[in-house]
Protein chains: 2
Amino acid sequence: MAKSKQREDHVKALYALGESLGGPKAWVSTNQMADHLGVKAPSVTSMVQVLQELGWAEHRPYRGARLTVAGRRLALNLVRKHRLWETFLVERLGFGWEEVHDIAEQLEHIDSVKLVDRLDEYLGCPKVDPHGDPIPDGKGLFNDDRSLRSPSDLVAGDVGRVAAVQRDDAALLSLLKSHGVALGTEWTHEALQGLPHDLREQLLLELVSTMKHGAS
Amino acid sequence: MAKSKQREDHVKALYALGESLGGPKAWVSTNQMADHLGVKAPSVTSMVQVLQELGWAEHRPYRGARLTVAGRRLALNLVRKHRLWETFLVERLGFGWEEVHDIAEQLEHIDSVKLVDRLDEYLGCPKVDPHGDPIPDGKGLFNDDRSLRSPSDLVAGDVGRVAAVQRDDAALLSLLKSHGVALGTEWTHEALQGLPHDLREQLLLELVSTMKHGAS
DNA sequence: CAATATTTTTAGATTTGTCTAAATTATTTT
DNA sequence: AAAATAATTTAGACAAATCTAAAAATATTG
Ligand SMILES: [Mn+2]
Ligand SMILES: [Mn+2]
Ligand SMILES: [Mn+2]
Ligand SMILES: [Mn+2]
């Protein structure tokens, strides 16, 4: 099987970029991966060839790469571990939501199926992490039944509960915190307008109440 | 500073072997380290030279190596992390004492001062790990005020509480468990005789009560 | 649609950490 | 004390993961 921190990081990048590019069939360019990982393009090319050897990715020269089913399974397990550890750090150790990403980047590579299962159970099988990102279960399935709305979808009279932040970047999360934004806090349409535009647009909310008569 | 899993493992081996050979001034041979780490002697020689460059060890060719003050500080921090994580795994996640060593071998390399401090606090600043090994504090000091006795020191009528196991080897720990031995369990002199010799001699006990009139 | 610009891969070098085989130093025996 | 034995280091090779510079393929554009 031959996992390594670097190989796993490349698989994770391939997964994340593939998702943002329209699902598992999308080809991800080696340059995009290089940018995302902070390495140079030739390093990615050679790593992607290794991932192909290992059966985790498919590489079409000059087209890009995408995950195989096995690679996707590995990626989802890494996402699961990352988000469970982030939850542990915030819920149990009292870290702020802006502090946990870098530590979780390390913890996600710890290799023990039993540890992940126990951690999940210990945390009460959380559905989302401290940034509102859904946590896949042991089979790689998301159980996310929230209906998330962009702040710009709310109209006067609506109240929304902060359910997720789109980017998990420490600077952004700190700023949000300093404006009183935390997961679960409730905001009226008007209160939301009081937030700087670039902060507000990173939020996703669940509608708590509205004056409109909406279709189900 | 340039830490790496391998460098840290060599520092830890140097610490452990140095202690068992009579303290921080003892010279540890590269062969001993090679055995302990499961690598070949030339690999150790070259790593020890790197550790010297980094200021963590001193290497006298054909004599051996020993830690500098900085190296010792690093080693104690690794021991601290290892034992805190073992404690977390047993106390919070419900692992058995025979299951945690290998996972802690990975977790001890996670690099975050704040994480270690928070974990320590979360666990209630434990003094010993699940095997009864003392946990150094943030300054590298052991606060171990137990007086540990070998089973062979107990005489008829004495009762001892299991306080530590000398080796933390999964097979031994499983066997002990199957004989009802766990940290904190109390054993009379007679009950101890019922244990196989090679298991019994790995135990360290605190005297709970005795019939003898002992000097303080 | 040919020339140019951009993207991607290949080629070859570098660092880290490991190995085996050979040379060197230290220790033990006769 | 010389010879034999054992321990340790050096020399040179290799795999993993990265880099820069050059070559090749693709995309853009006049
Ligand atoms: Mn994260
Ligand atoms: Mn997250
Ligand atoms: Mn251990
Ligand atoms: Mn232990």
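The sequence lines fix the lettering, A, B, ..., with proteins before strands; numbering per chain opens at 1.
With salt bridges taken as basic N to acidic carboxylate O contacts below 4.0 Å, one links A:Asp169 and A:Arg167.
Here the C1' atom of nucleotide C:dT8 and the CD atom of A:Gln32 are 13 Å apart, to the nearest Å. The interatomic distance linking A:Asp9 (CG) with D:dA16 (C1') rounds to 15 Å, in whole Å. The CE atom of B:Met33 sits 13 Å away from the P atom of C:dG17 (whole-angstrom rounding). Rounding to whole angstrom units, NE2 of residue B:His10 and P of C:dT16 are separated by 15 Å. Atom P of nucleotide D:dA17 and atom CD of A:Glu53 are separated by 13 Å, given to the nearest angstrom. Counting to the nearest Å, the C1' atom of C:dT18 and the NZ atom of B:Lys5 are 14 Å from each other.
Among the nucleotides D:dT20, D:dT18, C:dT20, the one closest to any side-chain atom of A:Ser43 is D:dT18. For B:Thr45, the listed nucleotide lying nearest its side chain is D:dT9; candidates were D:dT9, C:dT10, C:dC19. For B:Val39, the side-chain atoms get nearest to C:dC19 when compared with the rest of D:dT9, C:dG17, C:dC19. Of the candidates C:dT9, D:dT18, D:dT10, D:dT18 carries the atom nearest the A:Gln6 side chain, counting heavy atoms from C-beta on. Distances were taken from every side-chain heavy atom of B:Tyr62 (C-beta onward) to each of D:dT18, D:dT20, C:dA26; the shortest belongs to C:dA26. Side-chain proximity of B:Met47 to the nucleotides D:dT18, C:dT9, C:dT18 is greatest for C:dT18.
B:His59 has a side-chain polar atom (N or O) that falls below the 4.0 Å cut-off from OP1 or OP2 of D:dT9. Distances shown here put a side-chain N or O of B:Gln49 below 4.0 Å from the OP1 or OP2 atom of D:dT10. The shortest distance between the side-chain N/O atoms of A:Asn31 and the OP1/OP2 oxygens of C:dT8 is below 4.0 Å. Using a 4.0 Å cut-off, no side-chain N or O of A:Ser46 falls inside it from OP1 or OP2 of D:dT18. The phosphate of D:dA7 (OP1 or OP2) has no side-chain N or O of B:Thr30 nearer than 4.0 angstrom. Remark: B:Arg63 is not in phosphate contact with D:dA7, judged by side-chain N or O atoms under 4.0 Å from OP1 or OP2.
None of A:Arg146, A:Arg149, A:Arg161 except one satisfies the side-chain hydrogen bond (donor to acceptor under 3.5 Å, both in side chains) rule with A:Glu206; the exception is A:Arg161. Applying side-chain contact (heavy atoms from CB on, under 4.5 Å) to B:Arg66 and the options B:Arg72, B:His59, B:Lys25 leaves one that passes, B:Lys25.
Between the side chain of B:Glu99 and the main chain of B:Gly96, a donor-acceptor pair closer than 3.5 Å is present.
Within the 4.0 angstrom heavy-atom criterion, base atoms lie near A:Pro42.
For the pair B:Arg60 and A:Lys40, nearest-nucleotide mapping onto DNA chain D gives the more 5' position to B:Arg60.
Side-chain contact between A:Val128 and A:Arg83 is absent, with no heavy-atom pair separated by less than 4.5 Å.
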